[in-house]
Amino acid sequence: MMKTQADLIARARGALAALGVSPDRFTPPGAGTLDARSPLTGAALFGVRGHPREQVEAEIAQAQEAFRQWRMTPAPVRGRLVKRLGELIAEHKQHLADLITIEVGKITSEALGEVQEMSDVCDLAVGLSRQLFGRTMPSERVGHRLQEVWHPLGVVGVISAFNFPVAVWSWNTAIALVCGDAVVWKPSELTPLCALGCTALLERAVVETGAPAGVHRVLLGGPEVGEQLVDSPMVPLISATGSTRMGRRVGPRVAARLGRSLLELGGNNAVVLTPSADLGQAIDAIVFAAAGTAGQRCTSLRRLIVHESIVEEVVARVSAAFDRLPAGDPFDRATLLGPLIHERAHTAMQAALSAARAQGGQVLCGGDRIETGMPGVWVRPALVRVPEQTGIVLEETFAPILYVLSYRDFEQALALHNGVTQGLSAGIFTRDLAEAERFLGPDGADTGIANVNVATSGAEIGGAFGGEKDTGGGREAGSDAWRAYLRRSTATINHSGAVQLAQGVHFSG
Ligand code: NAD
């Protein structure tokens with residue numbers, strides 16, 4: 001049964017109460033400075049108090065104060081905070097998933113998957129809390145030791161996008177906290193309830209484990225609040241996730257004050273589908289990558305580069321799969337297609353389809369609005385055959401549009417693949433080992449993530465996540481991404497009892 005506005009308010013209230021969010025954090029719609037809305041109805045559910053300018057400074061200062069204490073807490077002890085956070089997240093998995101579905105429209109399975117990712121990164125960070133290794137290098141001088149030591153950095157400013165309203169926060173926060181940093185989070189203005197839910201759980205873990213209260217602060221508001229965080233000299237690292245447009249503003253501002261930034265920006269991801277591919281496997285993966293989260297993932301599949309010998313069969317099978325996708329209430333377990341985030345996303349999708357037609361593209365299926373009985377915007381994913389990779393195909397439209405290009409030889413497929421400015425995630429479907437290795441090699445896919453027989457979305461937490469070129473170059477989550485949250489100190493210890501200068505320099509009378 002479809003949800004009414006009253007159902008959504010009741011469900012959100014229940015989840016917020018279970019997560020421990022104090023009722024004075026939200027108000028009736030219109031009474032706060034920010035409204036929490038649901039894309040299911042398009043209407044405001046609650047008002048939320050945003051942070052005025054003076055309060056932003058005060059919150060950052062509190063975090064800086066807490067950092068001074070937190071950096072002196074041994075890393076394995078810091079790990080206990082993140083361990084408790086992970087336990088609370090697991091306990092409240094459904095409540096957090098409910099808020100994601102309400103504010104972003106993700107289907108339940110994907111919302112639960114996003115919360116699972118939070119638990120996974122907490123596990124990873126707890127392990128890391130005993131493994132923030134520095135290397136020891138051989139010194140060229142007798143009786144000297146040369147060593148690198150990793151120290152906490154300071155206050156980390158986290159700016160996150162609407163489409164992963166809780167996971168991106170946890171990737172940054174779990175790791176920054178074990179590294180001894182304090183975190184100030186500016187979530188998307190579209191997802192304040194998710195932010196309040198996460199913050200309540202972390203505040204509880206802070207109290208229970210005796211961590212300093214200011215070690216995590218949240219700032220609610222729009223880009224202007226983000227800009228204040230970006231400009232603060234108290235914040236040595238800004239980790240910003242969002243559009244390339246946002247990154248182009250944030251990157252130079254942080255650089256101007258010689259701060260560090262970790263940018264996770266837009267993608268324009270492609271799959272190369274070769275003649276040797278297992279088509280059944282490939283098409284299932286392609287449909288999820290293109291239509292999952294209604295095409296609103298940074299890793300969503302936007303370009304399908306298909307060998308000319310199989311392109312007709314592939315477009316027929318993908319169109320049929322798009323047409324069959326059950327759309328509707330994302331709380332209903334049978335639904336695979338939830339709504340777009342807002343009307344503006346629908347307008348942008350229609351503008352992109354018009355531009356594609358104007359440049360010779362043919363919309364093979366989808367693009368039309370689906371009536372679900374709810375006032376939000378549901379659209380059928382669009383499959384668009386384009387004659388060449390120009391104009392709108394080069395842009396990321398944050399909606400379910402999959403452009404199809406055909407290729408004749410593998411070099412041409414690779415050139416098409418890399419012929420965009422973004423560089424987040426890539427996939428090839430092939431049973432040819434040489435093609436697979438080439439795709440993963442130094443002159444293969446130029447993206448931060450490259451997969452064989454796996455499509456572009458659905459990364460695991462153990463690998464470093466991020467992309468190249470206009471995607472910003474940042475890396476978060478697994479592997480050695482933790483190093484971005486620390487400062488490196490190179491230490492030389494002289495236990496020889498004599499002064500010895502490096503490079504054989506003599507400087508005594
Ligand atoms: P957005 O750029 O509109 O907003 C993202 C965040 O940046 C929000 O919190 C917003 O308030 C803030 N912001 C915007 N302008 C700012 C400024 N000038 N200074 C400081 N903060 C500012 O993005 P969105 O619509 O919320 O999310 C969709 C975009 O995010 C897509 O482009 C998607 O590809 C990208 N994304 C990338 C990744 C990744 O890991 N690479 C992950 C998720 C989303």
Criterion side chain to side chain contact (heavy atoms under 4.5 Å, CB included) against Thr199, the qualifying member of Leu220, Val218, Leu19: Val218
Kindly check if the number of other-residue, nucleotide or ligand heavy atoms within 6.0 Å of CZ (Arg369) is above 12? yes
Does any N or O in the side chain of Asp7 come within less than 3.5 Å of the main-chain N or O of Thr4, such that one atom is a donor and the other an acceptor? yes
Side-chain (Arg253) to main-chain (Arg248) donor-acceptor, under 3.5 angstrom: no
For Val363 against Val384, the heavy-atom pair lying closest together: CG2-CG2, 4.2 Å
Quick check: closest heavy atoms across Leu8 and Ser38, and the distance to 0.1 Å? CD1-OG, 3.6 Å
Strictly by modelled atom types, are Thr173 and Trp185 linked by a side-chain donor-acceptor pair under 3.5 Å? no
So that I know where these two stand, are His216 and Trp169 an aromatic pair - ring centroids less than 6.0 Å apart? yes
Check this for me, if you would: do Arg438 and Glu411 make a salt bridge, where the nitrogen-to-carboxylate-oxygen distance has to be below 4.0 angstrom? yes
Are Ser406 and Glu308 linked by a side-chain donor-acceptor pair shorter than 3.5 Å? no
Please evaluate residues Val48 and Arg25 with respect to the criterion side chain to side chain contact (heavy atoms under 4.5 Å, CB included), reporting the C-alpha separation (whole Å), side-chain torsions for both, the decisive distance (0.1 Å), and the verdict. CA-CA 6 Å; Val48 179; Arg25 302 298 297 261; over 6 Å; no
Could you walk me through whether Glu224 and Lys186 pass the salt bridge (Lys or Arg N to Asp or Glu O under 4.0 Å) test, one step at a time? CA-CA 10 Å; Glu224 68 294 344; Lys186 209 301 280 175; over 6 Å; no
Sidechain-backbone polar pair: Gln296 side chain, Ile341 backbone, donor-acceptor under 3.5 Å: yes
So for atom CZ, which belongs to Arg317, do other residues, nucleotides or ligands contribute more than 12 heavy atoms lying within a distance under 6.0 Å? yes
What heavy-atom pair brings Ser425 and Asn269 nearest, and what distance separates the two atoms? N-OD1, 2.9 Å
Separation of Leu201 CG from Leu85 CG (nearest 0.5 Å): 7.0 Å
Between Pro330 and Pro339, is there a side-chain heavy-atom distance shorter than 4.5 Å? yes
Would you call Arg302 and Phe398 a side-chain contact if the rule is heavy atoms closer than 4.5 Å? yes
Flag for Lys469-Gln422: side-chain donor and acceptor within less than 3.5 Å: no
Rounded to the nearest 0.5 Å, what's the gap from CD1 on Ile428 to CG on Leu414? Could you check? 7.0 Å
Is the backbone of Ser300 close enough, under 3.5 Å, to the side chain of Ser457 for a donor and an acceptor to pair up by distance? no
Is a side-chain N or O of Thr471 found less than 3.5 angstrom from the main chain of Gly267, in a donor-acceptor match? no
Non-hydrogen side-chain atoms of Leu190 and Val104 separated by less than 4.5 Å: no
Does Gly30 offer a backbone N or O that forms a donor-acceptor pair with the side chain of Asp35 under 3.5 Å? yes
Evaluation steps, side-chain hydrogen bond (donor to acceptor under 3.5 Å, both in side chains), between Gln5 and Thr41: CA-CA 7 Å; Gln5 182 76 352; Thr41 58; 2.7 Å; yes
Within a 6.0 Å radius of atom CZ on Arg483, are there more than 12 heavy atoms belonging to other residues, nucleotides or ligands? yes
Decide yes or no on side-chain hydrogen bond (donor to acceptor under 3.5 Å, both in side chains) for Asn172 and Glu476, but give the supporting numbers first. CA-CA 7 Å; Asn172 283 282; Glu476 286 172 354; 3.2 Å; yes
If only side-chain N and O atoms count, and only distance matters, is there a donor-acceptor pair under 3.5 Å linking Glu395 with Asn268? no
Geometric class of the Tyr407/Phe410 ring pair [parallel <30°, tilted 30-60°, perpendicular >60°]: perpendicular
Nearest 0.5 Å please: distance from the CG atom of Leu325 over to the CZ atom of Arg380. 6.0 Å
Gap between atom CG of Leu177 and atom SG of Cys122 - 0.5 Å precision: 9.0 Å
Kindly indicate whether the side chain of Thr456, heavy atoms from C-beta on, has any atom under 4.5 Å from the side chain of Thr447. no
Does Thr372 use its side chain to pair, donor to acceptor, with the backbone of Met374 at less than 3.5 Å? yes
Verify whether one side chain among Glu264 and Thr241 offers a donor that lies under 3.5 Å from an acceptor in the other. no
Just how far is it from atom CD1 of Ile89 to atom CG of Asp123, taken to the nearest 0.5 Å? 10.0 Å
Can you classify the ring geometry of His342 versus Phe162 as parallel (below 30°), tilted (30 to 60°) or perpendicular (above 60°)? tilted
Is the backbone of Gly328 close enough, under 3.5 Å, to the side chain of Asp332 for a donor and an acceptor to pair up by distance? no
Side chains of Trp378 and Glu371: do they bring a donor and an acceptor to under 3.5 Å? no
Do Phe164 and Ser170 have side-chain heavy atoms sitting under 4.5 Å apart? no
Could you tell me whether Arg37 and Glu189 have a side-chain N and a carboxylate O separated by less than 4.0 Å? no
Is the shortest side-chain heavy-atom distance between Glu110 and Ile100 below 4.5 Å? no
Partner set under side-chain contact (heavy atoms from CB on, under 4.5 Å) for Ala240, not counting sequence neighbours: Ile159, Ile238, Met246, Val250, Leu263
Side chain to side chain contact (heavy atoms under 4.5 Å, CB included), that's the test. Do Phe46 and Leu193 meet it? Break it down for me. CA-CA 9 Å; Phe46 300 105; Leu193 302 184; 3.8 Å; yes
Main chain of Val56, side chain of Gln228: is a donor-acceptor contact present, judged purely on distance under 3.5 Å? no
Below 4.0 angstrom, N of the basic side chain to O of the carboxylate: do Arg475 and Glu468 qualify? yes
Keeping the roles fixed (side chain from Thr27, backbone from Gly47), state whether a donor-acceptor pair exists under 3.5 Å. yes
Pair His417 + Phe439: ring centers closer than 6.0 Å: yes
Cationic tip of Arg11 above Phe331 ring, under 6.0 Å, 45° of axis: yes
Please find the pair of heavy atoms, one from Gly367 and one from Ala382, that lie closest to each other, and give the distance. N-CB, 3.7 Å
Least distance between heavy atoms, Ile392 atom then Gln359 atom: N-OE1, 3.3 Å
Quick check: closest heavy atoms across Thr274 and Ile310, and the distance to 0.1 Å? O-CD1, 3.5 Å
If you define the side chain from C-beta out and look only at heavy atoms, does anything of Leu237 sit under 4.5 Å from Ser261? no
Using a 4.5 Å cut-off on heavy atoms from C-beta on, say whether the side chain of Glu114 contacts that of Val166. yes
